[in-house]
Asker: 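Okay, handing you the structure first.
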Amino acid sequence: MRQIVFYSMTDFLFSFMVVIIREDKRNVRRKVSEGEDDGTESEEERLRDQREREELEQHLRERDTARTRKLTEPKMSKKEQEEVARRDSAVEKGDTQPIRNFSRQEYLKKRELRKLEELKDYLEDESYLFGDEKLTEAEIQDFRYKKAIYELIKKRTQEEDNVGEYRMPDAYDQDGSVDQEKRFAVSVQRYRDTGSTEKMNPFAEQEAWEDHQIGNATLKFGAKNKQVSDNYEFVFEDQIDFIKASVLAGDNYEDAMPAKPSQESTGKSAFDMLREERKNLPIYSYREQLLNAVKDHQVLIIVGETGSGKTTQIPQYLHEAGYTKHGKVGCTQPQRVAAMSVSARVAQEMGVKLGHEVGYSIRFEDCTSEKTILKYMTDGMLLRELLGEPDLGSYSVIIVDEAHERTLHTDILFGLVKDIARARPDMKLLISSATMDAEKFSDFFDQAPIFSFPGRRYPVDICFTTAPEADYMDAAIATVLTIHVKEPLGDVLVFLPGQEEIEAVEENLKNKIRGLGTKIRELIICPIYANLPSELQAKIFEPTPEGARKVVLATNIAETSLTIDGIKYVVDPGFSKMKSYNPRTGMESLLVTPISKASATQRAGRAGRTSAGKCYRLYTAYNYYHDLEDNTIPEIQRTNLASVVLSLKSLGIHNLLNFDFMDPPPSEALIKSLELLFALGALNQLGELTKAGRRMAEFPLDPMLSKMIVVSDKYKCSDEIISIAAMLSIGPSIFYRPKDKQVHAYNAMMNFHVGNVGDHIALLKIYNSWKETNYSTQWCYENYIQVRSMKRARDIRDQLEGLLERVEIEVSSNSNELDSIRKSIVAGFFPHTAKLQKNGSYRTVKHPQTVHIHPASGLSQVLPRWVVYHQLVLTSKEYMRQVTELKPEWLIEIAPHYYQLKDVEDAASKKMPKTSGPAVV
DNA sequence: GAGCACTGC
């Protein structure tokens with residue numbers, strides 16, 4: 001939103017900046033050469049200079065036109081253009097006086113008012129959103145987007161009328177030069193003083209920045225022959241101004257951090273040292289208070305920053321206080337790795353073997369025994385345990401750790417665990433979270449007391465840009481280079497939304513570095529995202545060589561999932577990709593969205609893990625306070641709930657709409673899921689779990705996949721079906737497509753689609769081929785397939801195979817009968833069917849909407865008349881992913897309760913050509 | 001001929 005609004009202004013000033021930058025470059029060059037031969041340039045240098053300038057100008061021209069093209073704002077009138085041209089020529093002549101008088105603000109205001117009028121009627125009427133004529137999700141997005149812009153403009157014009165023309169108080173000296181310190185002080189003051197932030201002029205920063213830039217122009221051109229300041233050597237084209245707006249306080253950081261335990265320096269045993277270290281943790285001094293609080297209250301909210309030791313220490317304290325005498329202490333983590341590493345650490349501290357008194361339990365791996373009293377596990381694992389032990393009778397304490405992350409499973413646990421605590425007064429419940437949202441947790445858990453203690457962290461300076469950035473990627477690159485040149489050594493972490501952006505930035509940075517040559521220190525660029533093969537991922541953990549700097553370009557993976565030591569600078573453009581789910585259409589989409597304040601804080605905190613750090617936010621403080629949400633929308637409100645509903649039903653929760661959610665999901669999503677489960681035969685008309693439903697709930701899969709497995713018993717192909725289910729549930733990360741070998745990768749993939757068997761069967765072929773090569777890694781490389789994904793598929797398949805026995809399904813193979821495999825698929829996915837239209841698109845059968853076969857599908861060129869699909873995604877179009885052909889009569893045969901003859905008969909009556917491919921009209 | 005943030009059972 002802010003990008004577009006401010007775009008025009010940034011762009012407007014761009015012509016000025018070009019001049020400034022050009023001049024800067026010249027000055028630098030001049031400075032360097034002057035030092036050597038007293039201002040006289042050699043011919044060679046002059047030519048080089050000229051060439052460079054031409055290159056620069058060419059580059060700027062290109063970028064200029066690119067930006068102009070993007071611009072959606074109304075163009076300036078001819079008169080206005082003439083005025084600007086006149087001012088421009090004044091600048092060229094070095095006569096800067098007129099610029100300061102130019103009524104830029106009036107022009108902008110006029111233009112915005114015009115825009116306001118255009119949008120007014122459309123945007124003040126909400127019925128577009130809720131009227132009879134339903135809009136698509138994309139249209140609604142667009143509407144909201146425009147509306148937000150409109151609100152901003154409206155607010156601004158109103159405020160400007162009240163405030164009058166903006167002037168920077170006291171920031172400029174008489175002669176027009178800028179006192180930087182004063183100026184920053186004023187800027188900072190703006191955020192401190194405004195008790196009611198509403199009163200702030202939202203564009204103050206923008207204008208301050210503009211004034212500043214113009215001030216620069218004045219300074220530079222007025223001082224052409226004067227001495228240029230000497231405190232820099234390189235000037236980057238897009239250097240960005242930051243203001244330090246706040247400090248993410250480090251808690252107790254000045255307290256002696258325990259020196260890294262080094263075996264040789266002390267004569268103590270490792271065990272003693274661990275014990276010493278435990279006493280140094282911030283939580284240690286609160287031990288007695290904490291235990292008293294646990295004794296007095298059944299439910300307790302614990303707030304402590306990361307690094308306070310709460311995850312490792314609290315269970316031990318509880319054990320020492322005797323809570324493990326009559327049951328286990330269970331501690332949930334959102335991630336597998338966390339559960340494993342934390343339990344290993346605790347076992348070490350307690351001097352026991354992992355898996356005995358201290359253990360962990362995650363999917364595919366249960367490292368516990370009968371002796372286990374402290375059990376770490378993933379939240380989803382506890383949810384699975386609840387299916388077998390609904391009152392958690394074997395636990396005396398449950399700790400829900402990292403509750404602020406609000407994962408889907410954590411959110412469900414909240415409701416369940418709250419209910420159990422009411423029924424079991426002897427059970428203690430601790431909810432542990434980082435600072436955010438403590439009150440909300442307390443409210444939810446019947447006003448449970450909050451126990452908070454400090455963590456240990458170094459302070460992080462937070463810097464905002466003084467002006468919004470039009471292109472966050474350019475800005476990120478510029479910031480990284482500025483840090484590299486100006487700041488002391490220390491690694492940099494850049495957050496980017498996705499793989500594509502990371503690759504682009506990597507490329508661009510490398511080019512820039514090459515251009516700068518050997519004058520700067522070495523810069524090592526490490527990309528990291530989940531789909532990156534693990535051997536390349538490991539690169540980020542390699543220590544940085546002496547004298548060099550490492551730049552880590554990361555997705556959200558670096559926000560919570562992995563921590564990198566040695567990061568001192570964080571660059572945060574303020575965006576991430578977020579999945580959203582539309583229950584009405586059943587469509588998923590992945591959108592680049594602004595992050596929340598909570599994740600901004602989390603990102604900033606990544607800079608202060610091993611020493612004091614700095615965080616550069618590529619947005620303004622105004623954006624931060626006004627445009628960012630406080631918290632990220634919890635996962636439960638933006639996901640498909642079918643499997644959640646099935647689990648809850650099998651836990652005996654009948655009235656789901658009244659289930660005690662901390663943030664209830666949209667009821668539409670719940671109802672959709674209930675409908676689906678009813679159609680699949682997992683629920684009866686009363687909403688009770690059927691026998692089939694109970695069997696389906698055993699599988700840790702989406703209900704449609706579970707149904708497919710349960711039905712495969714009938715078609716005697718369960719062996720094939722569980723392979724397909726495993727492959728489907730690892731998602732789209734099976735294929736590895738390096739940019740330079742796209743064609744090879746594509747051909748390799750198409751090998752599995754020979755005979756147009758459909759994507760499901762192709763997945764089966766991939767799995768079986770891999771199995772035949774004895775799970776060969778080499779085979780994966782040859783076929784551009786990700787080994788990691790395949791290994792996961794094998795794990796899942798093994799687990800499913802084990803579960804088959806539990807629900808009394810025989811493993812039976814019938815690999816020659818592809819149709820029976822297809823029928824099993826249809827039996828699970830019959831609500832996901834679509835029929836070919838004359839124009840080559842598809843229409844879903846039950847809730848008609850236009851969709852297309854995803855280009856990555858093997859059938860995207862074949863276009864069968866009827867297809868069953870695994871998933872709908874909204875990207876550039878509405879796409880069906882993983883498609884298989886079916887015969888329409890199967891629908892009547894398999895799902896007579898769902899499809900009537902009329903749903904499928906028109907295909908038979910209309911004489912469509914038998915050959916595949918769209919009919920020509 | 002598009003595009004895949006991240007977890008988890």
Side-chain angles (χ1 to χ4, degrees), chain A residues 332-339 361-366 377-387 402 405-413 495-504 528-532 554-562 575-580 588-593 595 599 602 632 634-636 638-639 643-644 646-647 650 697-703 705-706 725-726 729-737 739 742-743 745-746 749-750 786 789 792 795-796 799-800 802-803 852-858 860-861 871 873-881:
Chain A
T332 71
Q333 296 289 322
Q335 280 145 3
R336 297 159 50 89
V337 204
S361 171
I362 56 179
R363 189 183 187 182
F364 311 130
E365 230 182 306
D366 186 3
M377 60 189 117
T378 45
D379 45 15
M381 204 65 209
L382 184 63
L383 221 53
R384 283 276 137 191
E385 276 189 23
L386 269 163
L387 290 175
E402 312 289 349
E405 281 192 30
R406 303 294 304 277
T407 65
L408 179 62
H409 291 150
T410 308
D411 263 24
I412 304 160
L413 274 181
F495 284 100
L496 292 164
Q499 182 180 345
E500 202 186 328
E501 289 85 351
I502 288 178
E503 280 165 1
I528 174 106
Y529 43 87
N531 262 351
L532 194 73
T555 57
N556 253 3
I557 194 170
E559 202 174 298
T560 49
S561 308
L562 58 89
F575 292 98
S576 72
K577 281 195 183 174
M578 196 160 68
K579 197 170 84 176
S580 61
E588 286 179 350
S589 51
L590 204 54
L591 287 172
V592 177
T593 27
I595 58 171
S599 24
Q602 174 81 17
T632 314
E635 192 184 356
I636 198 164
R638 48 185 174 87
T639 192
S643 66
V644 168
L646 184 60
S647 311
S650 63
E698 288 290 329
F699 294 97
L701 294 171
D702 185 273
L705 288 171
S706 315
S729 59
I730 52 171
S733 57
I734 300 167
F735 298 101
Y736 174 60
R737 249 169 299 176
K739 255 204 180 121
Q742 292 224 14
V743 183
Y746 178 75
M749 188 192 81
M750 286 314 278
Q786 299 239 32
S789 303
R792 258 191 70 203
D795 285 340
I796 296 174
Q799 188 190 26
L800 295 179
L803 288 168
H852 309 265
I853 294 186
H854 196 282
S857 161
S860 59
Q861 304 300 316
Q871 192 185 27
V873 289
L874 177 68
T875 49
S876 53
K877 270 184 184 173
E878 294 84 352
Y879 283 117
M880 300 179 279
R881 275 220 301 242

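By convention in this document, chain letters (A, B, ...) are assigned in the order of the sequence lines, proteins followed by strands, and residues within each chain are numbered from 1. Atoms considered below: every heavy atom in the structure, side chains included; atoms not considered: hydrogens, waters and symmetry mates.
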Asker: Atom CD of A:Glu588 to atom P of B:dA5: distance rounded to whole Å?
Answerer: 14 Å

Asker: Taking the side chain as everything from C-beta on, heavy atoms only, tell me whether A:Val873 gets closer than 4.5 Å to A:Ser589.
Answerer: no

Asker: Heavy-atom count around A:Gln742 CD within 6.0 Å, excluding the residue itself: above 12?
Answerer: yes

Asker: Please identify each residue that fulfils side chain to side chain donor-acceptor pair (under 3.5 Å) with A:Ser576, with sequence neighbours left out.
Answerer: none

Asker: Measure from CD on A:Gln799 to P on B:dG8 and round the result to the nearest Å.
Answerer: 13 Å

Asker: So A:Met578, base contact, sugar-phosphate only, or nothing? Heavy-atom distance under 4.0 Å.
Answerer: nothing

Asker: If only side-chain N and O atoms of A:Thr555 are considered, is one of them under 4.0 Å from the OP1 or OP2 phosphate oxygen of B:dC6?
Answerer: yes

Asker: Please classify the nucleic acid contact of A:Pro855 as base, sugar-phosphate, or nothing, using heavy-atom distances under 4.0 Å.
Answerer: sugar-phosphate

Asker: Does B:dG1 have its OP1 or OP2 closer than 4.0 Å to a side-chain nitrogen or oxygen of A:Ser860?
Answerer: no

Asker: Taking the side chain of A:Lys577 as its heavy atoms from C-beta onward, which of B:dA5, B:dC6, B:dC9 lies nearest to it?
Answerer: B:dA5

Asker: With heavy atoms under 4.0 Å as the rule, sort A:Thr407 into base, sugar-phosphate or nothing.
Answerer: nothing

Asker: Backbone N or O of A:Ser647 within a donor-acceptor pair of the A:Ser650 side chain at under 3.5 Å?
Answerer: yes

Asker: At 4.0 Å (heavy atoms only), tell me whether A:Glu402 reaches a base, stays on the sugar-phosphate, or touches nothing.
Answerer: nothing

Asker: Evaluate the criterion side-chain hydrogen bond (donor to acceptor under 3.5 Å, both in side chains) for residue pair A:Asp702 and A:Ser643; output intermediate values, then yes/no.
Answerer: CA-CA 5 Å; A:Asp702 185 273; A:Ser643 66; 5.6 Å; no

Asker: Using a heavy-atom cut-off of 4.0 Å across all strands, would you classify A:Tyr746 as base, sugar-phosphate, or nothing?
Answerer: base

Asker: Mind checking if A:Phe699 touches a base, just sugar-phosphate, or nothing, with heavy atoms under 4.0 Å?
Answerer: nothing

Asker: Using a 4.0 Å heavy-atom cut-off, does A:Ala856 contact any base of the nucleic acid, only the sugar-phosphate backbone, or nothing at all?
Answerer: nothing

Asker: Let me know the distance between NZ of A:Lys877 and P of B:dA2, rounded to the nearest Å.
Answerer: 6 Å

Asker: If I take atom CD in residue A:Glu365 and atom C1' in nucleotide B:dC9, what distance separates them, rounded to the nearest angstrom?
Answerer: 14 Å

Asker: Between A:Arg336 and B:dC9, does any side-chain N or O lie under 4.0 Å from OP1 or OP2?
Answerer: yes

Asker: Under 4.0 Å between any heavy atoms, over every strand shown, what does A:Ile362 touch: base, sugar-phosphate, or nothing? Just pick one.
Answerer: sugar-phosphate

Asker: Where the side chain of A:Leu590 is concerned, which of B:dC4, B:dA2, B:dT7 is the nearest nucleotide?
Answerer: B:dC4

Asker: Counting heavy atoms from C-beta on, name the nucleotide in B:dC9, B:dA5, B:dC6 closest to the side chain of A:Arg384.
Answerer: B:dC9

Asker: Remember a base hit wins even if backbone is also touched, and classify A:Ser576 as base, sugar-phosphate or nothing at under 4.0 Å, heavy atoms.
Answerer: nothing

Asker: Between atom NZ in A:Lys579 and atom C1' in B:dG8, what is the gap in whole Å?
Answerer: 11 Å

Asker: Where the side chain of A:Ile557 is concerned, which of B:dT7, B:dA2, B:dC4 is the nearest nucleotide?
Answerer: B:dT7

Asker: According to side chain to side chain donor-acceptor pair (under 3.5 Å), who are the partners of A:Thr593, at least two apart in sequence or on a separate chain?
Answerer: none

Asker: Of all the nucleotides listed (B:dC9, B:dC6, B:dC4), which has the minimum atom distance to the side chain of A:Gln499?
Answerer: B:dC4

